[in-house]
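In what follows, a structure is listed as C-alpha cells, so that the remarks can point back to it.
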Amino acid sequence: MRRAVCPGSFDPITNGHLDIIARASRLYDEVYVAVMINKSKKGLFEIDQRIQLIREVTSEYGNVRVESFHGLLVDFCKQRDIPAIVKGLRAVSDFDYELQMAQMNNGLTGVETLFVPTNPTYSFLSSSLVKEVAAWGGDVSHLVPPQVVEALNKRLARD
C-alpha cells in the first residue's frame with residue numbers, strides 16, 4: 001500500500017490545503033493528514049475541532065485519515081510505515097524552508113518529500129490570512145469550505 005502524509009497545523013483548513021490533499025489522494029492509496037500539536041502556540045481552533053473539520057471536508061475522498069501529532073514528523077511516518085511527505089508550495093520562499101526540512105527528514109529516516117505546486121488560485125492563501133480577514137468581518141467563503149466558514153463565524157462571535 002502506498003502511503004503519504006500531508007502535515008500542517010490546519011488552523012483552519014483552507015481550500016488550498018484541500019487542493020493538495022485531494023491531489024495526494026489520487027496519487028496514494030492512503031493519505032494521512034497529520035495535524036500538528038504545538039503546545040507553545042494557542043490556535044483559534046482546538047486540535048479536536050480541527051480534526052473534525054478536516055474529516056468532514058475530506059470524507060468524499062475515502063482514503064484520507066486524519067490524526068494529530070506532536071514531535072518529529074519522521075517519527076509519525078515511521079510509526080505508520082509512511083515513506084512520503086506531500087507538501088504544497090505557494091512561492092519560492094516556501095521552497096527555501098521546505099527544502100531544508102525535506103533534506104533533514106530524508107537524512108534522519110529516508111522519508112521522501114514530494115513538492116506539489118499550489119493551484120495558482122490559492123497561491124496567496126494561508127490559514128493566518130483567513131483568520132485575520134474573518135476576524136475583521138471579511139468574507140472568506142471562497143477561501144475555505146462551508147463547514148469552516150460556519151465554525152469561524154461561531155468561534156469569532158464568542159470572542
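This is a predicted model, so every value here is computed, not measured.
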Item to check | Audit row: Val5, Phe69, side chain to side chain contact (heavy atoms under 4.5 Å, CB included) steps and yes/no | outcome: CA-CA 12 Å; Val5 62; Phe69 86 97; over 6 Å; no
Please output the side-chain donor-acceptor pairs of residues 138-148 that fall under 3.5 Å, not counting sequence neighbours, one pair per line with the distance.
from   : atom 1 : to     : atom 2 : distance (Å)
Asp139 : OD1    : Ser141 : N      : 2.9
Asp139 : OD1    : Ser141 : OG     : 2.7
Asp139 : OD2    : Ser141 : OG     : 3.4

If you define the side chain from C-beta out and look only at heavy atoms, does anything of [X] sit under 4.5 Å from [Y]?
{"X": "Val31", "Y": "Thr58", "answer": "no"}
{"X": "Pro83", "Y": "Glu112", "answer": "no"}
{"X": "Thr14", "Y": "Tyr122", "answer": "no"}
{"X": "Asn106", "Y": "Thr113", "answer": "no"}
{"X": "Phe10", "Y": "Ile51", "answer": "no"}
{"X": "Val86", "Y": "Tyr28", "answer": "yes"}

Item to check | Closest non-hydrogen atom pair between Glu98 and Leu89, with its separation | outcome: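 Closest pair (atom of Glu98, atom of Leu89, distance): CG-CD2, 3.9 Å.
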Checklist entry - Is there a donor-acceptor contact under 3.5 Å from the side chain of Arg90 to the main chain of Thr118? => result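 Here the side-chain-to-backbone pair does not exist.
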Checklist entry - Roughly how far apart are Ser9 OG and Arg50 CZ, rounded to 0.5 Å? => result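 Interatomic distance, Ser9 OG to Arg50 CZ, rounded to 0.5 Å: 6.0 Å.
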Checklist entry - Going from CD1 on Ile21 to CD1 on Ile54, what distance comes out if it is rounded to the nearest 0.5 angstrom? => result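 It is 6.5 Å, given to the nearest 0.5 Å.
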Checklist entry - Does the pair Ile13 and Leu18 meet the rule for a side chain to side chain contact (heavy atoms under 4.5 Å, CB included), with working shown? => result CA-CA 7 Å; Ile13 190 164; Leu18 277 176; 3.9 Å; yes
Mind listing the side-chain donor-acceptor pairs of residues 71-82 below 3.5 Å, one per line with the distance, residues two or more places apart or on another chain?
from  : atom 1 : to    : atom 2 : distance (Å)
Arg80 : NE     : Glu67 : OE1    : 2.8
Arg80 : NH1    : Phe76 : O      : 3.1
Arg80 : NH2    : Glu67 : OE1    : 2.8

Next on the checklist: Count I, L, V, M, F, W, Y as connected when their side-chain heavy atoms are under 4.5 Å apart, and connections chain through other members. Are Leu99 and Tyr97 then in the same cluster?
Outcome noted: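 No; Tyr97 is not reachable from Leu99 via cluster members.
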Checklist entry - Looking just at side-chain N and O atoms, do Tyr32 and Arg65 make a donor-acceptor pair shorter than 3.5 Å? => result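 Short answer, yes.
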Item to check | Listed partners of Thr121 passing side chain to side chain contact (heavy atoms under 4.5 Å, CB included), at least two apart | outcome: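 Side chain to side chain contact (heavy atoms under 4.5 Å, CB included) list for Thr121, sorted by chain: Asn119.
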Item to check | Step-by-step side chain to side chain contact (heavy atoms under 4.5 Å, CB included) determination, Val35 to Phe45 | outcome: CA-CA 12 Å; Val35 183; Phe45 294 105; over 6 Å; no
